[in-house]
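Quick notes on the structure that follows.
Every chain is numbered from 1 and lettered A, B, ... according to where its sequence line falls, protein lines coming before strand lines.
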Amino acid sequence: MLDLKYIKTNLELVQNGMGKRRANIDFSSLLNNDDKRKALLLEIEALRHKRNVVSDDIAKIKKSGQDAGSLIEQMKEVSETIKRLDKERSTIEERIHGFLISVPNIPHEDVPMGKDDTENRLERTFGTPKKFDFTVKPHWEIGEDLGILDFVRAAKLTGARFPLYFGKGARLERALINFMLDTHTSQHGYTETLPPFIVNSATMTGTGQLPKFEEDLFKLEGSDYYLIPTSEVPMTNIYANEIIDESMLPCKFTAYTPCFRSEAGSYGRDTKGLIRQHQFNKVELVKLTTPETSFIELESLLANAEKILQLLELPYQVVTLCTGDLGFSATKTYDIEVWMPGQDDQGKYREISSCSNCLDFQARRAGIRFRRKGQKKPEYVHTLNGSGLAVGRTFAAILENYQQADGSVMIPDVLIPYMGGLKVIDHDA
RNA sequence: GGAGAAAUGGCCGAGUGGCUGAAGGCGCUCGCCUGCUAAGCGAGUAUGGGUGUUGUUACCCAUCUAGAGUUCGAAUCUCUAUUUCUCCGCCA
């Protein structure tokens with residue numbers, strides 16, 4: 001959420017930012033309501049002050065044994081007025097809050113203008129796609145042929161877009177999770193967490209999934225609970241409504257969790273394979289930082305995520321999302337796209353991580369603040385998050401990049417210890 | 001699921017209708033003192049909003065888990081929710 005004061009003093013800048021996102025937002029009603037709110041507040045506070053003073057007088061009068069009847073009558077009226085005005089005020093405040101909470105973050109000036117993902121800016125590539133001397137297969141064919149993936153039975157158990165792993169496939173998924181977590185904790189300094197997979201609406205609001213994107217979430221019927229679409233949600237909210245010590249920053253968390261997304265509106269896209277599932281595994285990175293370090297921390301977070309692909313020797317490219325592709329809470333986002341030789345005949349780069357700086361946008365919603373040493377006023381932290389990485393898609397990328405002519409799949413060197421020494425998944429697996 | 005108890009500031013803890021934004025203690029910060037350490041003394045130590053002055057200070061309003069209510073007046077009374085604890089039942 002943007003700061004109302006900031007909006008008021010930088011209206012043009014804010015409107016400009018919204019324009020870049022192609023979000024047409026009229027701020028005039030907001031400013032109007034804020035003026036009303038302020039006028040009401042002034043009136044209410046004056047009346048409350050009067051009531052406080054007179055109530056004290058009443059106490060004194062009563063103590064001395066005199067009659068305070070007329071004053072009490074007067075205050076009855078004052079209290080009625082306060083009640084009435086206060087109701088008006090809370091209606092207006094709800095309106096203001098409801099408005100503010102639906103306004104997206106302002107894109108950083110470094111973010112390229114563009115309408116959709118075709119206009120993202122390529123930053124760099126790593127590795128070169130391997131040349132195959134046989135016809136490459138998409139990962140779902142490889143996985144089903146090897147008997148390590150079974151989408152048909154998964155659909156029987158639940159429905160479309162759910163995964164079922166078998167044998168060495170299940171083992172590979174687990175190996176990836178452990179490898180990613182180990183790397184981030186022991187080499188990149190993140191603290192491992194294991195958060196709830198279900199959170200309440202306040203938590204979802206804190207990171208920006210609510211109120212605007214409820215249709216993307218799975219909600220538990222008859223409750224205020226939602227399945228997390230990413231562990232960014234519980235991890236970023238760990239210190240919600242708290243003031244933490246400056247010495248705790250930067251605060252770096254990582255977690256493996258399954259992620260649940262309704263994928264509303266994506267019918268017909270990526271209907272096959274592990275790319276777009278209602279349930280998938282992800283290792284996530286979250287940072288809380290001071291405002292002045294957040295962009296440096298974004299670069300290192302991105303580097304931490306890239307490191308996984310480098311160690312797995314999977315080719316990838318990094319893009320900066322353009323304004324039209326930028327998420328609601330982010331001011332700047334890098335996507336890491338891994339090379340998938342089995343996609344679209346000649347291969348394709350597919351998103352495997354999204355690393356964002358949200359500035360104080362989430363922190364303001366969730367109330368995450370810190371206090372500098374020797375300073376009285378607490379400040380909002382900056383929040384960052386990134387996938388490190390999406391495990392299912394990494395699994396898919398390994399299948400496609402490490403496939404061999406006979407249909408078997410080599411295990412990347414760094415994963416062999418995690419696979420109990422197994423070097424290849426073949427038909428005997 | 002049934003029965004009961006509880007929720008106060010960074011922490012502990014007092015407070016059952018009227019200068020209580022909240023005693024006392026601990027912790028922390030600053031200063032003084034003590035020729036080490038310790039102890040002692042003094043001061044300070046929540047958050048949000050607003051007004052004025054303008055960047056020093058002042059003043060006002062709100063907040064004792066949250067929301068609603070009773071009252072001239074609520075930390076204190078009532079209701080609801082949430083969380084925690086105890087007992088019973090059930091359960092990985």
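Distance CG (A:Asp224) to C1' (B:A81): 12 Å, rounded to an integer number of Å. Rounded to whole Å, atom P of B:U47 lies 18 Å from atom CD1 of A:Ile368. Atom NZ of A:Lys36 and atom P of B:G49 are 22 Å apart (whole Å). Rounded to an integer number of Å, the gap from CD of A:Glu43 to C1' of B:U51 is 15 Å. A:Asp3 has its CG atom 12 Å from the P atom of B:G48, to the nearest Å. A:Arg371 has its CZ atom 12 Å from the C1' atom of B:G9, to the nearest Å. Spacing between atom CG of A:Asn200 and atom P of B:A81 amounts to 17 Å, rounded to whole angstrom units. Atom CG in A:Asp56 sits about 11 Å away from atom P in B:A74, given to the nearest Å.
On the C1' atoms, B:A14 is 13 Å away from B:U76, given to the nearest whole Å. Rounded to a whole angstrom, the distance from the C1' atom of B:C61 to that of B:A5 is 35 Å. Going from the C1' atom of B:A3 to that of B:G13 covers 29 Å, rounded to whole Å. Taking atom P in both B:G1 and B:U16, the straight-line distance is 35 Å, to the nearest Å. For the P atom pair drawn from B:U82 and B:C12, the interatomic distance equals 24 Å after rounding to whole Å.
Base-pair partner of B:C85: B:G4 (Watson-Crick or G-U wobble, both distances under 3.5 Å). Nucleotide B:A62 has B:U47 as its partner under the Watson-Crick or G-U criteria, with both atom distances under 3.5 Å.
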Practice problem: Under the ring-ring contact (aromatic ring centres under 6.0 Å, His included) rule, what do A:Tyr226 and A:Phe260 come out as? Steps first, then yes or no, please. | Solution: CA-CA 9 Å; A:Tyr226 297 82; A:Phe260 303 92; over 10 Å; no
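Under the salt bridge (Lys or Arg N to Asp or Glu O under 4.0 Å) criterion, the residue pairs touching residues 78-100 of chain A are A:Arg37-A:Glu93, A:Arg48-A:Asp86, A:Asp86-A:Arg89, A:Arg89-A:Glu93, with sequence neighbours excluded. Evaluation of the salt bridge (Lys or Arg N to Asp or Glu O under 4.0 Å) test over residues 55-74 of chain A, restricted to residues two or more places apart or in two chains, returns A:Glu73-A:Lys76. Identified under the salt bridge (Lys or Arg N to Asp or Glu O under 4.0 Å) test for residues 260-273 of chain A, with sequence neighbours left out: A:Glu263-A:Arg276, A:Asp270-A:Arg276, A:Asp270-A:Arg350.
A:Phe328 is linked by a ring-ring contact (aromatic ring centres under 6.0 Å, His included) to A:Phe213, A:Phe361, counting only residues two or more places apart in sequence or in another chain. Listed by chain and residue number, A:Phe126 satisfy the ring-ring contact (aromatic ring centres under 6.0 Å, His included) test with A:Tyr316 (two or more places apart in sequence, or in another chain).
With A:Leu2 as the partner, the side-chain contact (heavy atoms from CB on, under 4.5 Å) test is satisfied by one option alone out of A:Leu359, A:Val103, A:Asn10: A:Val103.
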Self-check item: Base-contact (B) and sugar-phosphate-only (S) positions in nucleotides 59-72 of chain B, heavy-atom cut-off under 4.0 Å, - elsewhere
Solution: -BBS-------S-B
